[in-house]
Number of protein chains: 2
Amino acid sequence: MPRTGRPRAFNRDEAVLAAMFLFWEHGFESTSLAQLRAAMGHISAASFYAAFESKEALFRETVERYKATYGRVMESYHDQRLAPKAAIEQGLRRSARMQTEGSHPLGCLVVLSGISCSPENQHIQEMLAKEREKNRDGIKDCIERAIANGELPDTVDVPMMVTMFDTFLLGISTQARDGIPFGQIDAAITHLMSIWDALSRKNG
Amino acid sequence: MPRTGRPRAFNRDEAVLAAMFLFWEHGFESTSLAQLRAAMGHISAASFYAAFESKEALFRETVERYKATYGRVMESYHDQRLAPKAAIEQGLRRSARMQTEGSHPLGCLVVLSGISCSPENQHIQEMLAKEREKNRDGIKDCIERAIANGELPDTVDVPMMVTMFDTFLLGISTQARDGIPFGQIDAAITHLMSIWDALSRKNG
DNA sequence: TGAGTTTTATACTAATCGATCCAGAAGTCC
DNA sequence: GGACTTCTGGATCGATTAGTATAAAACTCA
């Protein structure tokens with residue numbers, strides 16, 4: 001927030017939002033500076049680099065913005081107040097709903113925007129992989145909490161359970177991109193969650 | 001197959017294979033001509049364009065090569081000799097095994113190599129989406145065959161079932177990229193398939 | 001008013017993008 | 001051997017890539 005000097009002619013927040021939508025749709029490498037600058041209000045290259053250090057720095061900022069907004073659909077995995085099963089189910093359903101909405105690009109930015117990069121941008125790939133790892137950890141916490149409170153038997157294979165729900169979660173991105181409607185994914189989630197009930201019953 | 005003229009100095013088949021691995025790993029747009037030519041045996045630009053019309057034509061050829069080799073793990077969906085449940089299960093397990101192998105890039109080329117492109121290459125995205133659509137159709141055929149032969153009740157929601165198995169299948173690509181081992185995915189498939197048994201039992 | 005600060009427009013950089021041109025090399029066929 | 005065909009090395013194409021240099025514009029503050 002500079003107190004002196006010429007004021008910025010564009011809204012920085014809106015510009016980041018526009019950039020996020022572009023990266024979300026086309027990915028980090030396939031989104032060019034020219035596209036970004038046009039979408040951010042036809043700003044000049046000088047304005048771009050004055051406000052955002054580089055294309056990569058802007059991308060990192062859009063990932064943070066995404067996590068703080070659209071990406072919050074998955075925060076239930078880290079919400080200790082929710083019952084483990086409800087946390088996982090809610091994360092899946094809200095992700096499916098968000099990713100199929102028509103008001104923004106389809107699928108998940110964290111999954112789609114850097115799944116394949118040139119060798120020189122491998123660190124972008126790794127940065128997004130770490131974000132996905134955090135989700136996996138959240139799902140793992142839910143499974144472990146369920147075992148701890150007796151909801152699931154302690155004989156259950158934790159990594160397997162994590163992989164089962166997370167693989168489905170990751171698949172939603174491509175399904176959404178391919179135009180599969182929310183209703184079908186949501187109905188599939190209902191049946192996926194029945195696995196939890198089946199394992200839970202064995203415990204009773 | 002030219003009968004006259006100077007013979008080609010490189011093996012075309014091997015070159016396509018090398019190109020396939022690059023596209024598989026980095027995607028269509030993030031793989032440059034320079035990278036391709038180097039991997040194909042340090043061939044010149046002239047040699048490249050003489051043998052392959054364009055970068056896009058080569059990519060289409062590598063997709064065909066992929067479908068005819070590594071991609072055959074999913075042909076069980078279209079194998080009428082297999083029981084429907086076995087067909088789906090085999091497709092999932094073989095895909096998981098292939099995509100986690102260390103002898104080639106991780107994940108599925110059809111899912112990963114063109115999931116996000118620049119606007120001018122949207123047709124590449126659509127081409128790969130059509131390939132995924134063929135898989136979906138194969139899974140749908142399996143579900144419908146199971147209903148027809150009484151294996152599943154005719155009350156089952158076909159699009160839901162297709163989406164359930166296909167979402168998991170698509171998720172394997174990202175899981176494999178993230179280094180999740182085959183064993184975990186395979187164990188998850190076992191539990192995913194239990195949904196089939198649960199629906200099947202209701203029929204008896 | 002004028003010093004200090006920040007953003008702006010404009011022009012420009014070197015590198016890379018996919019693709020092409022041309023001359024010569026290296027074959028087959030008669 | 002000579003005509004014909006195809007491939008190769010090397011230079012090059014125009015367009016685009018991310019990023020920068022410069023100086024004027026537009027603001028705050030004293």
Side-chain angles (χ1 to χ4, degrees), chain A residues 1-16 18-19 22-23 26-62 113-114 116-125 127, chain B residues 1-16 18-19 22-23 26-62 113-114 116-125 127:
Chain A
M1 302 297 176
R3 297 176 44 193
T4 71
R6 179 172 175 172
R8 186 174 282 128
F10 63 96
N11 184 306
R12 200 182 183 283
D13 276 349
E14 288 174 8
V16 171
L22 272 183
F23 282 132
H26 306 296
F28 173 68
E29 287 193 327
S30 293
T31 305
S32 70
L33 252 301
Q35 282 179 290
L36 287 166
R37 283 166 40 208
M40 293 164 112
H42 297 280
I43 64 174
S44 69
S47 297
F48 179 93
Y49 285 96
F52 314 95
E53 186 190 345
S54 65
K55 181 186 175 184
E56 178 172 334
L58 171 63
F59 179 70
R60 291 180 185 276
E61 193 168 336
T62 63
S113 68
S116 57
C117 285
S118 310
E120 64 262 30
N121 283 316
Q122 211 188 327
H123 58 287
I124 295 285
Q125 247 174 300
M127 183 261 281
Chain B
M1 304 299 175
R3 296 176 44 195
T4 71
R6 179 173 175 173
R8 185 175 285 127
F10 64 96
N11 184 308
R12 199 181 184 284
D13 277 348
E14 289 173 8
V16 171
L22 273 183
F23 282 133
H26 306 295
F28 172 69
E29 287 192 328
S30 294
T31 304
S32 70
L33 251 304
Q35 282 179 288
L36 286 165
R37 284 166 39 208
M40 292 163 114
H42 298 279
I43 65 175
S44 69
S47 298
F48 179 94
Y49 287 97
F52 315 94
E53 186 191 344
S54 65
K55 181 186 176 184
E56 178 171 336
L58 171 62
F59 179 70
R60 290 179 185 277
E61 192 168 337
T62 63
S113 69
S116 57
C117 284
S118 310
E120 63 262 31
N121 283 317
Q122 211 188 326
H123 58 287
I124 295 285
Q125 248 174 299
M127 184 260 281

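Here is how names work: the chains are called A, B, and so on, in the same order as the sequence lines, proteins then strands, and each is numbered from 1.
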Between dT17(D), dC17(C), dT8(D), which nucleotide has the shortest distance from any of its atoms to the side chain of Ser32(A)? dT17(D)
Within the distance-only criterion (no hydrogens, no angle test), does the side chain of Glu29(A) pair as donor or acceptor with the backbone N or O of Ser118(A) below 3.5 angstrom? yes
Just the rounded figure in Å: distance from P of dG10(D) to CG of Leu33(B). 18 Å
Could you check which of dT8(D), dC17(C), dA25(D) has an atom nearest any side-chain atom of Phe10(B)? dT8(D)
Selected nucleotide, minimal atom distance to Thr4(A) side chain, candidates dT28(D), dA18(D), dT7(C): dT28(D)
5′-ward residue of the pair Gln35(A)/Ala45(A) relative to DNA chain D: Gln35(A)
Would you say Arg12(A)'s side chain and Ala51(A)'s backbone share a donor-acceptor pair under 3.5 angstrom? yes
From dG18(C), dC17(C), dT8(D), nucleotide with atom closest to Lys55(B) side chain: dG18(C)
Minimum-distance nucleotide to Arg6(A) side chain [options: dA24(D), dA19(C), dT17(D)]: dA24(D)
Quick check: on DNA chain C, is the nucleotide nearest Gly5(B) upstream (toward 5') of the one nearest Glu53(B), or the reverse? Name the residue that is more 5'. Glu53(B)
Candidates dA9(C), dC7(D), dG9(D) - which lies nearest the side chain of Arg8(B): dC7(D)
Nucleotide dT17(D), atom C1' - distance to OH of Tyr49(A) in whole Å: 9 Å
Under 3.5 Å donor-acceptor, Ser113(B) side chain and Phe28(B) backbone: no
Between the main-chain N or O of Cys117(B) and the side-chain N or O of His26(A), is there a donor-acceptor pair closer than 3.5 Å? yes
